[in-house]
Amino acid sequence: MIRVTLPDGSAREVARGTTPADIAAAIGPGLAKAAIAARVDGELRDIMRPIEADAELALVTTRDEADALELARHDFAHVLAEAVQTLFPGTQITFGPSTDDGFYYDVMAPATRGPFTMDDLPAIEEQMRAIIRADKPLRREVMARDALITKWQNAGESFKAEWAAELPEGEELSVYWSGDDWMDMCRGPHLASTGKLDPAAFKLTRVAGAYWRGDQNNPQLSRIYGTGWLNKKQLDGHLLRLEEAAKRDHRRLGQDMDLFHLQQEAHGSVFWHPNGYLIWRELEAYMRRAIDGAGYKEVKTPQVMDARQWEQSGHWGKYRANMFVIPDEVPNVDDEGPVISGDADWMALKPMNCPAHVLIFRQGIKSYRDLPLRIYENGCCHRNEPHGALHGLMRVRQFTQDDAHIFCREDQIVEEVQAFCALADRVYKEFGFTYSIKLALRPEQRFGSDADWDKAENELRDAVVRAGLATTEFGWEELPGEGAFYAPKLEWHLTDAIGRTWQVGTIQSDRVLPERLDASYVGEDGARHRPVMLHRAIFGSYERFIGILIEHYAGRFPVWLAPVQAVVATITSEADGYAHDVTAKLKAAGIRVEADTRNEKINYKVREHSVAKVPHLLVVGMREAEEGKVAIRSLGSDGQRIMTLDEAIDMLSHEATPPDLR
RNA sequence: GCUGCUGUAGCUCAGUGGUAGAGCGCGUCAUUGGUAAUGACGAGGUCGGGAGUUCAAUCCUCCCCAGCAGCACCA
């Protein structure tokens, strides 16, 4: 007999090999029906898996949503794989986990056909439903590793065989049977049968290529994605959320609101339209006020530098594949087009600003009294990114960073990092973001001794602790192996209005580049010392940050950022004169305002400016003209507020004031 | 860069082996209307680029470019 302790503290003596399902049945028929899995000593397990020793047992029901979703999604993935193999014999299966909103399975289509496409999905979905309706029991079986490898090899499942062969020798591996005719190697757990899944709670969403084991050098498989839930209501809710997110897509809003465009002749580089560039200019002005107040000096450095400079900084060796390289020569003017002689020196567009900032530091002789020296630049960089990586404003080939480098002494690092934490905190809050901070620790491939890394990691950790931000409330987390090769880094992850996260800000300490580029200062002792260089950014890049803001605000920018802050719209042409007066006064008060005196009905104008997300619409007809008032209709509200022109100017001026100036 | 899909008017999209169509937008005219689309008329496209098959290609084939989704990449 073994002793099983339940969450309420009660214990039961049961025969060895009793299953959680047996215990649920013994407790009551309601629980027997509701229980879908079990936690045995904290580990999630099949409800039909026998308990072999004394244990703490908690039965899992669909009310334990996180566990239930995880189980269901994992099962959906198995059902997907079974369906694909049933429909397309010869397909090899590989790996199929659950995801944040569903599941996927990577399969290798049989050689007789190409990769799977979207067109295959409806039939696969139908087959999955058939498997669910058949309510096939999911049975766990333990097999010897070697027997399993042989079995996979015989079945022509080379990927599965390869994988099993990498698991420790002599280990027993579990497989799961779906009925008696299909199995997959899997650690589990699973629901008791396919019928526990809701056939209306999943949808296959897309097909994409994915490399075997995530390695570019391996064969590419077909990854079939699905979204999976416990019931149809959850699925519908999820699909609705996806639609809502799609409406916020910055590429769509960028076009609708006439903010920017991209075109193939300059792919990966943004054409900013007047409306979009107004947002940029406001952000730039905001950031200048921020860095001026925080003791930074702004600089501007060359776009193109000689390759020798990049060799010295190390970029030529490590980063050249992503650099735009240009010959320093006058092109021929023959009809055939430019020919590169091969004799010219190479130059390159800067992919980063750091070396140029070190070169500024190196001009003249710096004293310890000059430190910390904080050099800021709205630095326009070019990086030749893999074409498949480009994405709207989020990943571009030309971008402008809010980039600064702080040159300081060892003993100033913690203080500087702490000050940066405070600055970043203020900025992110003023844009309405919450955030978490993560510390990316030393990677496998790195420069420097372990002692140096201990020191560098401690400095960053220390600063965040002292800033009081290293708490779970701020999502503090340490990420082993994620640091840069020369230094650990702190990362700021923003959470936007609909709960998505974006990594933007960063600060990292660097002792490598000052060494390579021979930056030094004269210390109190009269000797030369190496400064430490802190690389830091808050927006990350203007392009990406604006993209994030568009999605965060769903295009409804706060007034201070809105490209057009107000429109004065007339009801009849008799009010045109008054409308122009109002517009002129608002302009004089610094409001970005336009007059709409077109020959259109007020309904039309209201609709158009609402769709364009103009924050305030000032409607004027003869009534307002005679009384010197305006009727303000604000975005997001149906009503109107009648007020005098002076009151309106006060209100708009206040709202149009950037948060840091209020 | 890899796999798949897509590329037709400014935008969203139909469509056909015999040199193209809608809605919105744009222009003109009428209308002066009180809070989410007034009506009529009109202009506008060498159907992403190149090559091939064909009497004939926007449509079929091949190559290239770009976009989308995912993968890989993002010191």
Side-chain angles (χ1 to χ4, degrees), chain A residues 99 104 106 108-109 114-121 205-225 246 249 251-252 255-256 258 261-268 313-315 317-319 321-322 351-352 354 383-392 394-397 399 440 443 445-447 482-489 503 506 508 510 512-513 535 540-541 544 569-576 597-612 617-624 631-635 637-640 642:
Chain A
T99 64
Y104 66 80
D106 286 348
M108 174 63 98
F116 294 105
T117 70
M118 292 291 281
D119 296 338
D120 296 314
L121 298 187
T205 48
R206 55 181 171 260
V207 183
Y211 301 105
W212 167 236
R213 312 186 69 151
D215 186 333
Q216 237 188 134
N217 302 310
N218 286 340
Q220 194 160 35
L221 311 165
S222 292
R223 175 170 296 178
I224 302 176
Y225 281 92
D249 190 308
R251 294 165 299 184
R252 165 172 291 279
Q255 184 175 75
D256 290 351
D258 196 18
H261 85 270
L262 295 156
Q263 65 180 58
Q264 73 178 72
E265 287 75 10
H267 77 288
S313 69
H315 291 87
K318 283 207 181 297
Y319 204 70
N322 285 328
M352 295 172 197
C354 358
R383 294 183 192 175
N384 199 348
E385 303 283 4
H387 290 193
L390 301 176
H391 179 87
M394 302 302 189
R395 190 86 178 266
V396 288
R397 301 208 296 177
F399 54 93
Q445 300 286 322
R446 58 178 183 262
F447 288 160
E482 305 260 317
F485 68 88
Y486 54 82
K489 62 180 178 184
Q503 204 243 293
T506 180
Q508 34 197 281
D510 179 7
V512 174
L513 203 58
H535 306 244
S541 83
R544 190 168 132 85
T570 50
I571 293 168
T572 75
S573 56
E574 288 178 304
D576 284 2
T597 55
R598 289 175 305 168
N599 179 11
E600 296 290 350
K601 292 192 172 180
I602 191 62
N603 289 348
Y604 182 88
K605 294 182 184 179
V606 167
R607 178 183 153 76
E608 193 177 88
H609 299 300
S610 299
V611 168
L617 188 61
L618 281 59
V619 178
V620 296
M622 282 319 287
R623 222 150 57 207
E624 288 74 17
I632 298 193
R633 182 192 168 110
S634 300
L635 190 61
S637 68
D638 286 336
Q640 56 171 339
I642 313 277

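Chain letters run A, B, ... following the sequence lines, proteins first and then strands; every chain starts at 1.
- Arg206(A) contributes no side-chain N or O that forms a donor-acceptor pair with the base of A69(B) under 3.5 Å.
- Checking C74(B), A36(B), U32(B) against the side-chain heavy atoms of Arg383(A) singles out C74(B) as nearest.
- Here the CD-CZ distance, from Glu385(A) to Arg395(A), works out to 4.0 Å after rounding to the nearest 0.5 Å.
- In this structure, His391(A) reaches the sugar-phosphate backbone alone: every heavy-atom distance under 4.0 Å involves primed, P, OP1 or OP2 atoms, never a base.
- Among the protein residues, Arg251(A) comes within range of the sugar-phosphate backbone only, with heavy atoms under 4.0 Å from sugar or phosphate atoms but none that close to a base.
- Applying the 3.5 Å distance criterion, the base of A36(B) shares a donor-acceptor pair with the side chain of Arg633(A).
- When heavy atoms are screened at a 4.0 angstrom cut-off, Gly214(A) is found touching the sugar-phosphate backbone but no base atom.
- Atom CH2 of Trp212(A) is separated from atom CG of Leu221(A) by 7.5 Å, given to the nearest 0.5 angstrom.
- Met622(A) comes within 4.0 angstrom of a nucleotide base, judged by non-hydrogen atoms across all strands.
- For Tyr604(A) and G25(B), the shortest distance from a side-chain N or O to OP1 or OP2 is below 4.0 Å.
- Here the CG-CD1 distance, from Asn603(A) to Ile571(A), works out to 10.0 Å after rounding to the nearest 0.5 Å.
- Nearest nucleotide to the side chain of Val611(A), out of U3(B), U32(B), A36(B): A36(B).
- Atoms CG (Asp215(A)) and P (C2(B)) sit 16 Å apart, rounded to a whole Å.
- Using a 4.0 Å cut-off, no side-chain N or O of His267(A) falls inside it from OP1 or OP2 of C65(B).
- Taking 4.0 angstrom as the limit, His387(A) places none of its side-chain polar atoms (N or O) nearer than this to OP1 or OP2 of G67(B).
- In a base pair of the Watson-Crick type (N1 to N3 plus N6-O4 or O6-N4) or a G-U wobble (N1-O2 and O6-N3), with each distance short of 3.5 Å, U28(B) is matched with A40(B).
- Proximity of a side-chain donor or acceptor of Lys605(A) to a complementary backbone N or O of Arg598(A) within less than 3.5 Å is detected.
- Set against G70(B), A72(B), G33(B), the side chain of Ile571(A) has G33(B) as its closest nucleotide.
- In the interface, the side chain of Gln220(A) is paired with the base of C2(B) through a donor and an acceptor atom under 3.5 Å apart.
- Across the protein-nucleic acid pair, Asn603(A) atom CG and G39(B) atom P stand 12 Å apart, rounded to whole Å.
- The separation of C24(B) from A43(B), taken at their C1' atoms, amounts to 16 Å, rounded to a whole angstrom.
- Across G1(B) and G15(B), the matching C1' atoms stand 36 Å from one another, rounded to whole Å.
- Of the nucleotides present, U61(B) is the one that pairs with A51(B) by Watson-Crick or G-U wobble criteria, both distances under 3.5 Å.
- Tyr604(A) has its ring centre no less than 6.0 Å from the ring centre of His609(A).
- Among the heavy atoms of the strands lying under 4.0 Å from Tyr225(A) are primed sugar atoms or P, OP1, OP2 only; no base atom is included.
- To the nearest angstrom, C1' of G33(B) lies 5 Å from NZ of Lys601(A).
- When distances run from any side-chain atom of Gln255(A) to the nucleotides G34(B), C73(B), C11(B), the shortest one goes to C11(B).
- Among the protein residues, Ser573(A) comes within range of the nucleic acid bases, having at least one heavy atom under 4.0 Å from a base atom.
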